[in-house]
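Below is one structure, written out as structure tokens; comments come after it.
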Amino acid sequence: MNNKKTKFIFVTGGVVSSLGKGIAAASLGVLLKNRGLKVTIQKFDPYLNLDPGTMSPYQHGEVFVTDDGCETDLDLGHYERFIDQNLCRANSVTSGMIYWEVLSKERRGDYLGKTVQIIPHVTNEIKSCIKKILENEYFDVVITEIGGTVGDIESQPFLEAIRQFQYENRGDCGHIHLTLLPYLATSGEFKTKPTQHSVKELRGMGIHPDIILCRSCQPMSYEIKEKIALFCDVSPESVITGVDSKSIYDVPLNLCDEKIDEVVIKNLGLSQTGTPDLVEWRKFLNVLHGNGLPVINIALVGKYTSLSDAYLSVVEALRHAGVANKCKVDIKWIEAGDLEKADDASELLSDVHGILVPGGFGDRGIDGKVFAAKHARERNIPYLGLCLGMHVAVIEYGRNVIGLTDAHSTEFSDTTSNPVIDFMPEQRVIRKKGGTMRLGSYPCEIKKNSKLYEAYGKTLIEERHRHRYEFNNEFRDLYEQQGMLFSGLSPEGTLVEVIEIKNHKWFLACQFHPEFRSRPYSSEPLFKAFVGASLDHKKEIK
């Protein structure tokens with residue numbers, strides 16, 4: 001049995017939202033992990049939805065999916081990418097999950113007829129979720145990000161829970177509070193009052209921050225740190241500048257320069273840790289920010305292109321693949337609806353070296369996405385389709401190569417006589433939103449002599465899914481006869497996971513979401529191969 005005690009770090013935010021608590025938590029995780037500590041990160045979101053799975057991307061950005069099929073906030077993606085660790089359902093908790101569990105217990109009679117209240121029943125459930133992450137695995141440090149800002153009504157039960165938790169685990173808890181430190185260019189000075197008020201409000205709830213992380217547009221002087229330290233009752237060394245960075249991947253190095261990890265280790269009494277080994281991280285950044293690298297244009301054709309967070313993992317996977325191929329990826333955001341309305345849609349795609357159609361739901365922009373797949377196929381431009389991107393490729397091939405003029409998905413048409421994309425056989429009776437989805441990691445067997453095998457170099461992989469519709473096997477023989485290769489199948493051979501076009505330079509589309517497994521210095525194989533093919537295409541057309 002492991003006698004070591006787990007330490008807990010809580011990250012809260014004040015003044016305004018979207019300051020970067022998730023990146024700060026992930027960056028601290030990088031520093032502690034690279035000191036030899038075993039770290040995990042979890043997110044507590046205060047909204048009442050059970051998860052973000054049914055929320056519009058305009059509300060919440062992309063939905064990230066874990067191996068065990070949990071639909072989570074996009075911050076889980078940052079956590080995984082930064083600490084290079086697959087997370088699970090226990091790493092993502094919402095108010096909806098908490099209240100659901102409390103009410104389920106009440107209905108079962110678990111509370112023995114007591115009046116169910118926020119304190120102690122809701123706060124006890126929150127505290128149990130903090131430690132639940134340790135049920136199957138030991139961690140030296142658990143970093144917990146509390147969503148929202150201090151003062152939000154919906155965040156108060158979480159703050160009260162961590163207040164109680166710190167006293168139940170004395171000496172094993174630390175608090176980091178992230179605030180905004182405005183800089184007034186007209187007077188040339190920082191304003192510390194918002195930070196002071198935010199810390200005062202947090203302390204009024206019984207939580208004393210050990211570290212104050214100040215998000216700012218430029219570094220602050222030691223004198224400013226001393227001023228904040230004096231008013232907020234911490235040492236100047238515990239006041240950390242969270243300065244704006246070139247990219248999110250610079251934040252761990254910036255926080256390392258500020259010695260935040262040393263302060264955390266000292267405050268929590270963590271021993272036997274080495275200095276952070278950031279060699280690989282620095283190599284990644286050297287290429288990411290390098291000069292003189294070739295630039296390729298990748299068209300990302302979607303329906304939420306006005307909000308890049310809707311495709312966050314795809315964007316980061318392209319960035320990682322660019323580093324792996326020693327090139328820069330310039331994403332050309334193309335609204336699928338614009339392709340439908342354009343007099344000459346080809347003109348919008350005339351300067352791209354690769355085309356990517358990401359996942360999604362709903363019929364808006366479908367014809368534009370079908371056109372993008374057609375353009376890539378006919379012009380021999382590298383194409384990567386993800387989930388829905390595979391569906392539109394199948395639809396386009398059926399219509400324009402095989403001659404199934406009304407080929408479609410039953411997600412978008414109930415009247416098509418050629419439903420090339422349909423519900424899984426056992427789901428055909430569940431024709432409604434909210435029906436069963438294939439979520440989480442599933443195995444895929446790869447055929448040799450395929451682009452898929454060239455990318456992975458092995459015959460069995462596991463990738464994450466989030467969808468209801470599949471390739472309709474009734475059309476499989478017909479598609480194979482007309483030049484489509486089904487290079488990836490489920491182990492039993494019943495589900496099509498990956499399609500390719502045999503006589504194309506690089507045309508591949510998959511049912512799963514490989515972007516969720518990409519890492520900064522370990523690019524996801526399909527993205528790496530796609531960007532490599534796009535780079536080759538650029539060289540060929542010069």
Side-chain angles (χ1 to χ4, degrees), residues 8-29 40-83 86-104 118 121-133 142-165 175-178 202 205 207 248 307 309-310 312-313 439-440 466 516:
F8 301 90
I9 300 170
F10 299 101
V11 181
T12 55
V15 185
V16 296
S17 60
S18 301
L19 287 179
K21 291 194 304 295
I23 298 298
S27 297
L28 178 59
T40 193
I41 314 176
Q42 61 182 172
K43 173 76 179 286
F44 283 175
D45 269 309
Y47 52 75
L48 286 173
N49 305 66
L50 279 174
D51 56 50
T54 57
M55 295 169 69
S56 165
Y58 289 126
Q59 288 280 312
H60 213 259
E62 80 167 3
V63 175
F64 188 80
V65 179
T66 58
D67 274 347
D68 59 353
C70 184
E71 295 176 290
T72 77
D73 178 81
L74 57 79
D75 274 326
L76 269 286
H78 288 313
Y79 301 164
E80 285 205 359
R81 286 186 285 272
F82 274 56
I83 65 173
N86 294 336
L87 304 182
C88 65
R89 194 170 297 273
N91 292 86
S92 180
V93 180
T94 69
S95 287
M97 293 177 183
I98 296 294
Y99 286 112
W100 182 282
E101 187 62 28
V102 168
L103 292 174
S104 296
I118 301 297
H121 302 100
V122 170
T123 52
N124 282 349
E125 194 63 39
I126 293 170
K127 288 186 290 184
S128 72
C129 286
I130 297 171
K131 288 204 167 181
K132 188 175 183 180
I133 206 163
V142 175
I143 302 172
T144 302
E145 177 194 349
I146 308 298
T149 57
V150 173
D152 294 345
I153 291 174
E154 57 265 34
S155 295
Q156 288 183 2
F158 291 100
L159 296 173
E160 170 60 21
I162 65 174
R163 182 198 69 79
Q164 296 174 18
F165 192 90
H175 296 277
I176 298 175
H177 190 54
L178 176 61
L202 189 62
M205 297 177 180
I207 298 171
I248 59 174
L307 179 71
D309 274 1
L312 183 62
S313 291
L439 278 168
R466 183 178 181 250
F516 293 147

>> Rounded at 0.5 Å granularity, tell me how far CZ in Phe516 sits from CG in Leu312.
In response: 10.0 Å
>> Within this structure, what is the CG-CG distance for the pair Asp73 and Asn49, rounded to the nearest 0.5 Å?
In response: 11.5 Å
> Can you check whether Leu87's main-chain N or O pairs, donor with acceptor, with Glu80's side chain at less than 3.5 Å?
Replying inline: yes
>> Between Asp68 (side chain only) and Arg89 (backbone N and O only), is there a donor and an acceptor less than 3.5 Å apart?
In response: yes
> CG of Leu159 to NE2 of His175: how many Å apart, nearest 0.5 Å?
Replying inline: 9.5 Å
> Is Val63 close to Thr72 at the side-chain level, that is, under 4.5 Å between some pair of heavy atoms?
Replying inline: no
> What do the steps show when you test Ile133 against Val142 for side chain to side chain contact (heavy atoms under 4.5 Å, CB included), and what is the final call?
Replying inline: CA-CA 8 Å; Ile133 206 163; Val142 175; 4.0 Å; yes
>> Between Cys129 and Phe44, does the side chain to side chain contact (heavy atoms under 4.5 Å, CB included) criterion hold? Intermediate values first, please.
In response: CA-CA 9 Å; Cys129 286; Phe44 283 175; 4.1 Å; yes
> Quick one: does Leu28's side chain get under 4.5 Å of Ile176's, heavy atoms only?
Replying inline: yes
> Which word best sums up how the rings of Phe8 and Phe10 line up, parallel for under 30°, tilted for 30 to 60°, or perpendicular for over 60°?
Replying inline: parallel
> Would you say the side chain of Ile41 lies within less than 4.5 Å of the side chain of Ile83, judging by non-hydrogen atoms?
Replying inline: yes
>> Check this for me: Glu154, atom CD, are more than 12 non-hydrogen atoms of other residues, nucleotides or ligands nearer than 6.0 Å?
In response: yes
> With distance as the sole test, does Thr66 use its side chain to make a donor-acceptor pair with the main-chain N or O of Cys70 at under 3.5 Å?
Replying inline: yes
> Can you tell me how far CG of Asn86 sits from OG1 of Thr40, rounded to the nearest 0.5 angstrom?
Replying inline: 10.5 Å
> Excluding sequence neighbours, so at least two apart, what forms salt bridge (charged side-chain N to carboxylate O under 4.0 Å, His left out) with Glu145?
Replying inline: Lys43
> What's the verdict on side chain to side chain contact (heavy atoms under 4.5 Å, CB included) for Leu50 and Glu71, showing C-alpha distance, side-chain angles and the deciding distance?
Replying inline: CA-CA 9 Å; Leu50 279 174; Glu71 295 176 290; over 6 Å; no
> Which heavy atom in Gly22 sits nearest to a heavy atom in Tyr79, and how many Å separate them?
Replying inline: O-CE2, 3.7 Å
>> I'd like to check Lys127 versus Asn124 (side-chain heavy atoms, cut-off strictly below 4.5 Å). Are they in contact?
In response: yes
>> Just by distance, no angles: are the side chains of Gln156 and Glu160 close enough, under 3.5 Å, to form a donor-acceptor pair?
In response: no
>> Can you confirm whether the side chains of Ser313 and Arg81 place a donor and an acceptor under 3.5 Å from each other?
In response: yes
> Which atom pair, heavy atoms only, marks the closest approach of Pro57 to Leu307?
Replying inline: O-CD2, 3.0 Å
>> Using side chain to side chain contact (heavy atoms under 4.5 Å, CB included), reason through His177 and Ile207 one step at a time and then give a plain yes or no.
In response: CA-CA 10 Å; His177 190 54; Ile207 298 171; over 6 Å; no
> What pair of heavy atoms forms the shortest contact from Val122 to Tyr99, and how long is it?
Replying inline: CG2-CE2, 3.6 Å
> What are the two closest heavy atoms between Leu74 and Phe64, and how far apart are they?
Replying inline: CA-CB, 4.4 Å
>> Using only atom types and a distance under 3.5 Å, with no angle test, would you say the side chain of Lys21 pairs donor to acceptor with the backbone of Gly148?
In response: yes
>> Could you check whether Gln42 and Thr144, counting side-chain N and O atoms only, form a donor-acceptor pair closer than 3.5 Å?
In response: yes
> In Å, rounded to the nearest 0.5 Å, how long is the span from CD1 of Ile98 to CD1 of Ile118?
Replying inline: 11.0 Å
>> I'd like to know if the side chain of Ser95 and the backbone of Pro46 have a donor-acceptor N/O pair within less than 3.5 Å.
In response: yes
>> For Tyr47 and His60, I'd like to know if the aromatic rings sit close, meaning centre-to-centre distance below 6.0 Å.
In response: yes
> To the nearest 0.5 Å, what is the distance between CG (Asp67) and SG (Cys88)?
Replying inline: 9.5 Å
